[in-house]
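Positions are given from 1, in the same order as the sequence printed here.
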Amino acid sequence: MAPLYQAINVQLQEDVPGSHTVYRAVADPEWTVAAVPNGGYLLANIVDASMQFQASAKSHSDPIHVTAHFLHSTAAAPFHVRVRVQKRGKGFTNLVAELQQNGKTTITSHLIFGILAPPAGSSNKTLAPPSPYARRVPLYRHPSTAPLELEKIRDVYKFRRYFQCTQEPEIRAKATLDSPTRTNKTTVGGGGVEGGTWFGLTDRDERITTPSLALFADAFLNIPLLIPKSQPQALRWGWFPTMVITLEFKFPIPPPSKDHASRTVGMFWRGNFINDPQGRHETYVELWSAPSDIGEGIEVDGWRDNQVCLAVANQMSLSLPMEVNLKQGSNDSAKL
Ligand SMILES: *[C@@H]1O[C@H](CO)[C@@H](O)[C@H](O)[C@H]1NC(C)=O
Ligand SMILES: *[C@@H]1O[C@H](CO)[C@@H](O)[C@H](O)[C@H]1NC(C)=O
Ligand SMILES: *[C@@H]1O[C@H](CO)[C@@H](O)[C@H](O)[C@H]1NC(C)=O
């Protein structure tokens with residue numbers, strides 16, 4: 001039962017030089033979706049362990065890309081992260097990290113580390129404002145004045161008391177049945193559903209950190225929840241376990257300042273397909289720096305120019321009845 005900065009609690013257990021390093025942590029029972037720890041929260045612990053591993057290797061200290069496959073659900077209990085080097089190159093280091101509980105690997109992941117900045121002496125190839133090709137913050141509201149989201153934080157998120165979200169009425173309007181973004185036989189492409197919010201940690205001791213981006217990348221409302229109830233694909237009381245997630249880090253987190261919040265990120269996501277088997281669906285997520293924390297600061301001209309995309313994620317998740325979650329949670333706990 002702890003805020004995020006304490007709930008990500010990785011510690012060195014054993015270093016076997018030339019082979020691997022083992023870290024230990026405890027999955028906090030509050031960072032769960034119903035009975036099962038949130039996949040992004042577990043991934044945050046894997047990223048943290050891998051960053052500690054690279055810090056002690058004194059090379060390539062920044063995570064650049066993470067792919068994780070979720071093999072079994074992990075219980076809210078102690079676990080280990082076993083990290084080893086797969087390849088040390090000049091520009092990048094490839095790691096393999098496995099989350100293990102009771103001798104079973106529940107998550108396996110590959111990570112690429114490097115330096116999140118242009119190499120010294122090279123020309124700067126970054127595509128960013130004011131280039132007319134630059135991607136811009138995809139949220140309509142400023143966090144100081146955006147309406148608070150009260151109903152949409154699902155009570156199955158046991159950690160919901162640690163954060164607050166804002167509404168994006170313009171984005172929500174695009175999900176309605178009468179939106180001009182609906183499709184028919186004359187439209188080209190289009191379809192799918194989008195979501196967006198400012199996501200802020202409320203505890204004043206919190207800071208957004210590189211590992212915590214893994215949690216934010218998995219904290220969106222899945223598209224079966226955003227589709228109107230009248231549609232057969234809509235699901236209101238469901239569990240959406242992640243099977244595979246990829247997370248690519250784009251820009252370093254800007255230090256807190258008058259232009260950048262310390263505890264808030266912008267989240268934008270979109271999904272196009274829901275398929276068999278098991279309501280499988282893909283979600284594309286962008287995480288952005290925020291100009292202020294929620295309900296704080298003031299909207300100044302040009303705030304959009306100062307924001308950067310922190311990470312882009314993609315994931316494949318399933319749509320399962322909530323009963324499956326509750327059963328897995330209780331079964332795993334019973335075994336410990
Ligand atoms: C590279 O250019 C981008 C976009 O203009 C800028 O944000 C970044 O600070 C630059 N990096 C360096 C090292 O100059
Ligand atoms: C198809 O959808 C577009 C966009 O919503 C709308 O403008 C058009 O009238 C629709 N056509 C038909 C035949 O329903
Ligand atoms: C608990 O898990 C075991 C396999 O790990 C399975 O055989 C058993 O049916 C499960 N029990 C319940 C109540 O789901």
Side-chain angles (χ1 to χ4, degrees), residues 40 44 47 51 54 60-67 89-93 111-146 166 168 170-171 174 194-201 207-220 245-271 283-294 296-315:
V47 171
M51 287 175 71
Q54 281 303 93
H60 298 154
S61 54
D62 302 322
I64 303 279
H65 192 276
V66 181
T67 306
K90 200 164 161 223
F92 299 102
T93 297
L111 300 96
I112 300 173
F113 275 71
I115 302 295
L116 213 52
S122 75
S123 65
N124 189 347
K125 296 273 199 308
T126 306
L127 177 61
S131 166
Y133 291 92
R135 170 83 166 156
R136 295 292 189 142
V137 193
L139 300 181
Y140 291 76
R141 305 297 175 117
H142 188 277
S144 63
T145 51
T166 61
E168 286 282 322
E170 294 81 359
I171 296 179
K174 294 187 202 171
E194 292 179 355
T197 186
W198 296 106
F199 186 106
L201 295 162
R207 289 284 173 276
I208 47 171
T209 61
T210 302
S212 70
L213 297 181
L215 171 88
F216 301 135
D218 189 37
F220 55 85
I245 185 169
T246 68
L247 177 60
E248 184 181 353
F249 297 90
K250 293 291 189 186
F251 280 91
I253 297 169
S257 70
K258 65 174 185 28
D259 294 323
H260 294 116
S262 57
R263 297 177 274 121
T264 304
V265 294
M267 286 171 53
F268 169 84
W269 64 98
R270 111 165 250 109
T283 313
Y284 163 80
V285 183
E286 290 176 10
L287 299 177
W288 285 78
S289 66
S292 74
D293 287 309
I294 293 171
E296 299 177 19
I298 46 162
E299 183 166 349
V300 294
D301 249 14
W303 66 270
R304 293 176 177 278
D305 289 344
N306 295 323
Q307 307 315 317
V308 290
C309 181
L310 304 173
V312 164
N314 274 286
Q315 71 163 266

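- When all heavy atoms of A311 and L213 are compared, the pair lying nearest together is CB-CD1, 4.4 Å.
- L287 is not listed as a side-chain neighbour of F199, based on a closest heavy-atom distance of 4.5 Å or more.
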(request) Give the intermediate values and the outcome of side-chain contact (heavy atoms from CB on, under 4.5 Å) for residues R136 and D305. (result) CA-CA 8 Å; R136 295 292 189 142; D305 289 344; 2.7 Å; yes

(request) Just do the side-chain contact (heavy atoms from CB on, under 4.5 Å) check on M267 and E286 with the steps written out, would you? (result) CA-CA 6 Å; M267 286 171 53; E286 290 176 10; over 6 Å; no

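- Of the possible polar contacts, none joining the S262 side chain to the P256 backbone as a donor-acceptor pair under 3.5 Å is found.
- Defined by atom type and a distance below 3.5 Å, a donor-acceptor pair is missing between the side-chain atoms of Q54 and S61.
- Taking 4.0 Å as the cut-off between side-chain N and carboxylate O, E170 and R141 count as a salt-bridged pair.
- A donor-acceptor contact shorter than 3.5 Å is absent between the side chain of T283 and the backbone of G271.
- Listed here is the closest heavy atom pair of P291 and W303: CG-CE3, 3.3 Å.
- Taking the six-membered ring where tryptophan is involved, the planes of F220 and W269 are tilted, since the angle between them lies from 30° to 60°.
- No donor-acceptor pair under 3.5 Å is formed between the side chain of H142 and the backbone N or O of V300.
- Taken from CZ in F268 to OH in Y284, the straight-line distance is 7.5 Å, to the nearest 0.5 Å.
- At least one side-chain heavy atom of P211 sits under 4.5 Å from a side-chain heavy atom of M51.
- Shown here for G40 and D218, the closest heavy-atom pair between the two residues is N-OD2, 2.9 Å.
- A distance of 9.0 Å separates OG1 of T93 from CD1 of I115, quoted to the nearest 0.5 Å.
- At least one donor-acceptor pair under 3.5 Å links the side chain of D62 to the backbone N or O of L116.
- Side-chain N/O atoms of S257 and D259 include no donor and acceptor closer than 3.5 Å.
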(request) With side-chain contact (heavy atoms from CB on, under 4.5 Å) as the test, would you mind laying out the steps for S289 and V308 before giving the verdict? (result) CA-CA 6 Å; S289 66; V308 290; 3.9 Å; yes

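- H60 NE2 to I112 CD1: the interatomic distance, rounded to the nearest 0.5 Å, is 11.5 Å.
- Residues A217 and V285 share a closest heavy-atom pair of O-CG2, 3.8 Å.
- Rounding to the nearest 0.5 Å places CD1 of I171 at 9.0 Å from OG1 of T197.
- Among all heavy-atom pairs drawn from P63 and V47, the shortest one is CG-CG1, 4.2 Å.
- Between atom OH of residue Y140 and atom OG1 of residue T166 there is a gap of 14.0 Å, rounded to the nearest 0.5 Å.
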(message) Would R263 and E296 count as a side-chain contact (heavy atoms from CB on, under 4.5 Å) here? Give the steps.
(response) CA-CA 11 Å; R263 297 177 274 121; E296 299 177 19; 3.2 Å; yes

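- Note that CD1 of I208 is 12.0 Å distant from CG of L215, once rounded to the nearest 0.5 Å.
- Shown here for G114 and F92, the closest heavy-atom pair between the two residues is CA-CD2, 4.3 Å.
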